[in-house]
Q: 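Please find one structure pasted underneath; my questions will follow.
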Amino acid sequence: MPELPEVETIARFLREGAGNGLAGLPGSRIESCQVLWPRTIASPAPDEFIRRIAGQRVEAVSRRGKFLVIPLSTDTLLIHLRMSGDLRVESGAEPIRKHDRMILNFADNRRLAFNDTRKFGRAWLTADPQEELGNLGPEPLDPGLTTQRFHAMLTTHGRQLKPLLMDQTFLAGLGNIYTDEALYLARLHPLRQAGQLTMKEAARLLDAIRSVLTEGIRRNGASIDWVYRGGDFQNHFKVYGRTGEACPECGTPIQRLVVGQRGTHICPKCQPIR
DNA sequence: AGGGAAACCCGAACGC
DNA sequence: TGCGTTCGGGTTTCCC
């Protein structure tokens, strides 16, 4: 269904057999919308969102970066799950659940529920999705992103490697966990200056990013804390959340540092700063 | 331009 | 046992 390759936990929502039924939405007509936590609606204002989305039909379900992209008859619905967001497609007869923030009721009596414990998730209804998506960097799994191009992107920035990789306008889709795992796989220190990576290191990094994302997708994403259902990638992290445990490669205790205000996990021996 | 801090949130985990 | 505090995930915004 999705044209683009899939990235991390979003992939779970788009895959056949993932069990949440998003793939079955195209063709359904939205009859009404309930907003239970107004701040979930990023734009337009909740009352206009509710008025405008009613009557529109779902044309497709896809993804760009960490956004779910749902083209409707006239507008496009964008959903970002942020930290704790989750989606359910179910019968309208099911009970509303704790932490449900926004509900779409379909004419066929199904419902799409946007559940989000921590209230960070957002939804947009827009005639021009490029307003939100236009600034995103390339897709890491896009074959068109060559080593040469990636290296060229890196060298135009004098920035710490990890914050750059997590910058969605640089590359779309990497979060804290996958970045730590990818840097470990590539044996690169998160504080390295992006601009000084060699072509060889850039190649290693791109390979590592793709391999980490692919494994995350294969495992249906990572369930951090108690937040997500499904995926089991969290049981296969090499460094993330393993402070003090032995590096799988060399046995050195995994170190935790803070980079760009984010908890960062490295093997100090495998990922030397220079 | 890049980096740091704060804000938005909740519930788990921790300290006493 | 129970309470208060800390933490952290993604992103935006503001400030230096």
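Per chain, numbering begins at 1; letters A, B, ... match sequence-line order. Because the structure is predicted, anything quoted here is derived from the model rather than measured.
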Q: Can you see whether A:K162 engages A:T264 through a side-chain donor-acceptor pair at a distance of less than 3.5 angstrom?
A: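 On atom types as modelled, these side chains qualify, holding a pair under 3.5 Å.
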Q: Go through B:dC10, C:dT11, B:dA6 for me and flag the one nearest to the A:R118 side chain.
A: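 Of the candidates, B:dC10 comes closest.
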Q: So A:R101, base contact, sugar-phosphate only, or nothing? Heavy-atom distance under 4.0 Å.
A: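 The answer is nothing, as A:R101 stays clear of every strand by at least 4.0 Å.
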Q: Base, sugar-phosphate, or nothing: which does A:R39 touch, judged by heavy atoms less than 4.0 Å apart?
A: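 Touches sugar-phosphate only.
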Q: How many whole angstroms separate atom CG of A:N115 from atom P of B:dC10?
A: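 Rounded to the whole Å, the gap is 13 Å.
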Q: Given atom CG of A:L191 and atom C1' of B:dG4, what is their separation to the nearest angstrom?
A: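 After rounding, the gap between these two atoms is 14 Å.
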Q: Which of these nucleotides, B:dG3, B:dA5, C:dT11, is closest to any side-chain atom of A:Q261?
A: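 When the side chain of A:Q261 is considered, B:dA5 is the closest of B:dG3, B:dA5, C:dT11.
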Q: Measure from the side-chain heavy atoms of A:R159 and tell me the nearest of B:dG2, C:dG10, B:dA6.
A: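 Looking only at side-chain atoms, A:R159 lies closest to B:dG2.
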Q: In terms of side-chain heavy atoms of A:H99, which of C:dT11, B:dA5, B:dC10 is nearest?
A: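 Output: B:dC10.
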Q: Examine the side chains of A:D167 and A:T169 and answer whether a donor and an acceptor come within less than 3.5 Å of each other.
A: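 A pair is found: one side chain offers a donor N or O, the other an acceptor, under 3.5 Å apart.
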Q: Under 4.0 Å: is that the gap between some side-chain N or O of A:H157 and OP1 or OP2 of B:dA1?
A: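 Answer is no, no contact under 4.0 Å.
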Q: Output the rounded distance in Å from CG (A:N135) to P (C:dT11).
A: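 Between P of C:dT11 and CG of A:N135: 13 Å.
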Q: Quickly work out the A:K162 NZ to B:dG2 P distance and round it to whole Å.
A: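 So the two atoms are 18 Å apart, to the nearest Å.
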Q: Over how many whole Å does the gap from A:H265 atom NE2 to C:dG8 atom C1' extend?
A: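 For the pair A:H265 NE2 and C:dG8 C1', the rounded distance is 10 Å.
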Q: Kindly point out which of B:dC9, C:dG8, C:dG10 is positioned nearest to the side chain of A:R256?
A: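 From the listed options, C:dG8 comes nearest.
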Q: Grab the CZ-P distance between A:F170 and C:dG10 for me, whole Å please.
A: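 For the pair A:F170 CZ and C:dG10 P, the rounded distance is 18 Å.
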Q: Would you please indicate if the ring centroids of A:W124 and A:F49 are separated by under 6.0 Å?
A: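 Ring centroids of A:W124 and A:F49 are no less than 6.0 Å from each other.
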Q: When you get a sec, tell me which of C:dG8, B:dG11, B:dC9 is the closest nucleotide to the side chain of A:F120?
A: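 Closest nucleotide to the A:F120 side chain: B:dC9.
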Q: Considering just the side-chain nitrogens and oxygens of A:Q168, establish if one lies under 4.0 Å of OP1 or OP2 belonging to C:dG10.
A: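 Negative; the distance criterion is not met.
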Q: Only one of A:E59, A:R57, A:Q56 clears side-chain hydrogen bond (donor to acceptor under 3.5 Å, both in side chains) with A:T74; which?
A: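 Single pass found, and it is A:Q56.
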Q: For the pair made of CG in A:D167 and P in C:dT11, what is the distance, rounded to whole Å?
A: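 So the CG-P distance, A:D167 to C:dT11, works out to 10 Å.
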Q: Please give, in whole Å, the distance from B:dC9 P to A:L81 CG?
A: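 These atoms are roughly 17 Å apart.
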Q: Taking the minimum atom-to-atom distance to the side chain of A:R82, which one of C:dG10, B:dA6, C:dG8 wins?
A: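 Nearest nucleotide to the side chain: C:dG10.
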Q: Is it the case that the side chains of A:S28 and A:R110 hold a donor-acceptor pair, with the cut-off being a distance below 3.5 Å and no angle test?
A: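 The answer is yes; a qualifying pair exists.
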